[in-house]
Amino acid sequence: MVKTKADIIKILKNGGVGVIPTDTIYGLVGSVFSREVVDRIYQIKERDEKKPLIVLISCLKDLEEFGVIVDKEMFKFLEKFWPGKVSIILPFSNSRFTYLNKEGQTLAFRFPNDERLLSILKQTGPLVAPSANPEGLESASNIEMANEYFGREVDFYLDGGELESLPSTLLEIEYGTIKILREGENIEKILARLEEKK
């Protein structure tokens with residue numbers, strides 16, 4: 001366990017990896033800017049490297065770092081769901097981040113509506129944040145469960161109590177059509193927003 005938020009921020013900014021409560025479930029997090037950190041998270045999770053990781057951002061401006069183009073139409077769309085428990089797959093063009101998706105030019109981003117999490121993201125920058133579990137096992141719902149999974153493989157654990165949320169809903173925009181790839185938290189509200197006139 002770590003003592004303060006300052007500890008967490010320092011560890012993450014210095015290439016560490018940890019488990020924290022996100023706006024949905026516990027996440028295994030690390031800096032998006034370090035290929036070594038991303039590779040380490042894949043190894044800890046035993047995750048297929050062909051499967052990209054979700055990226056948490058603290059504001060829409062963070063998308064510029066990745067070369068994501070947010071025009072008026074895209075802004076209007078994103079505004080419907082963010083901040084919130086929705087991860088959205090968007091095309092990116094910054095070749096610096098090809099290690100985040102070895103199979104294509106898209107990434108799943110989420111702008112959470114959680115003040116504690118946002119206060120960390122604003123100081124660390126975007127974080128990769130897959131669920132806190134080895135591939136194929138149940139997502140950790142508490143720190144004890146995460147500790148059983150990862151032990152000393154991670155640098156810290158931040159206890160947020162028991163989390164009973166579903167994972168985020170995952171959306172993709174393809175040729176102007178919105179696809180729901182995973183039904184998760186707040187799916188009813190999300191479906192209603194999709195039905196709203198643009």
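Side chains included, hydrogens not; waters and symmetry mates left out as well; all remaining heavy atoms used.
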Spacing of [atom1] belonging to [X] relative to [atom2] belonging to [Y], to within rounding of 0.5 Å:
| X | Y | atom1 | atom2 | answer |
| --- | --- | --- | --- | --- |
| Ser34 | Tyr99 | OG | OH | 6.5 Å |
| Met74 | Leu60 | CE | CG | 10.5 Å |
| Ile89 | Leu107 | CD1 | CG | 9.0 Å |
| Ile120 | Gln123 | CD1 | CD | 9.0 Å |
| Arg182 | Leu171 | CZ | CG | 10.0 Å |
| Arg110 | Ile54 | CZ | CD1 | 5.5 Å |

Side chain of Ser93, backbone of Gly67: donor and acceptor closer than 3.5 Å?
-> yes
Mark yes or no for whether Asp7, through its side chain, and Thr4, through its backbone, hold a donor-acceptor pair below 3.5 Å.
-> yes
Looking at side-chain heavy atoms only, is the closest gap between [X] and [Y] below 4.5 Å?
| X | Y | value |
| --- | --- | --- |
| Pro130 | Lys51 | no |
| Pro126 | Val55 | yes |
| Tyr26 | Leu163 | yes |
| Lys50 | Lys102 | no |
| Glu162 | Ser141 | yes |
| Tyr157 | Val154 | yes |
| Val19 | Leu158 | no |
| Val37 | Asp39 | no |

Should the heavy atoms of other residues, nucleotides or ligands under 6.0 Å from NZ of Lys72 be counted, would the total exceed 12?
-> no
For Leu181, look at atom CG and say whether over 12 heavy atoms of other residues, nucleotides or ligands are found less than 6.0 Å away.
-> yes
Quick one: do Arg40 and Asp155 satisfy salt bridge (charged side-chain N to carboxylate O under 4.0 Å, His left out)? Show the steps, please.
-> CA-CA 12 Å; Arg40 183 180 169 198; Asp155 302 308; 2.9 Å; yes
Using the ring of each side chain (for Trp, its six-membered ring), is Phe66 parallel, tilted or perpendicular to Phe109, with breaks at 30° and 60°?
-> perpendicular
Before accepting this row, confirm whether a basic side-chain N of the pair Asp114/Lys85 lies closer than 4.0 Å to the acidic partner's carboxylate O.
-> no
Arg47 and Glu135 ion-paired at < 4.0 Å | yes
Provide the full list of ring-ring contact (aromatic ring centres under 6.0 Å, His included) pairs with a residue in residues 41-60, sequence neighbours left out, each pair given once.
-> none
Give the C-alpha distance, both sets of side-chain angles, the deciding distance and a yes or no for side-chain contact (heavy atoms from CB on, under 4.5 Å) between Glu65 and Arg96.
-> CA-CA 10 Å; Glu65 187 80 40; Arg96 173 186 177 187; 3.8 Å; yes
Name of the residue among Leu127, Leu12, Ile57, Ile9 meeting side-chain contact (heavy atoms from CB on, under 4.5 Å) with Leu121 | Leu127
Nearest heavy-atom pair of [X] and [Y]: which atoms, and what distance?
| X | Y | answer |
| --- | --- | --- |
| Phe92 | Thr106 | CE2-N, 3.4 Å |
| Val68 | Pro91 | CG2-O, 3.5 Å |
| Phe97 | Val32 | CE2-O, 3.9 Å |
| Arg116 | Pro21 | NH2-CG, 3.1 Å |
| Phe111 | Ser58 | CE1-O, 3.2 Å |
| Asn113 | Asp23 | N-OD2, 4.3 Å |

Kindly indicate, with the supporting measurements, whether the criterion salt bridge (charged side-chain N to carboxylate O under 4.0 Å, His left out) is fulfilled by Lys76 and Glu79.
-> CA-CA 5 Å; Lys76 188 177 179 182; Glu79 203 178 24; over 6 Å; no
Does [X] belong to the same Ile/Leu/Val/Met/Phe/Trp/Tyr cluster as [Y], with side-chain heavy atoms less than 4.5 Å apart forming each link?
| X | Y | answer |
| --- | --- | --- |
| Ile11 | Ile20 | yes |
| Ile25 | Leu53 | no |
| Leu78 | Ile69 | no |
| Leu63 | Phe75 | yes |

So Val17 and Val29, side-chain contact (heavy atoms from CB on, under 4.5 Å) or not? Walk me through it.
-> CA-CA 6 Å; Val17 168; Val29 302; over 6 Å; no
Going by distance alone, is a donor N or O of one side chain under 3.5 Å from an acceptor N or O of the other, for Lys5 and Ser119?
-> yes
Where do Asn133 and Ser131 land on the side-chain contact (heavy atoms from CB on, under 4.5 Å) test, with the steps shown first?
-> CA-CA 6 Å; Asn133 58 284; Ser131 57; 2.5 Å; yes
Worked verdict on Val128 versus Leu28 for side-chain contact (heavy atoms from CB on, under 4.5 Å) = CA-CA 8 Å; Val128 289; Leu28 177 62; over 6 Å; no
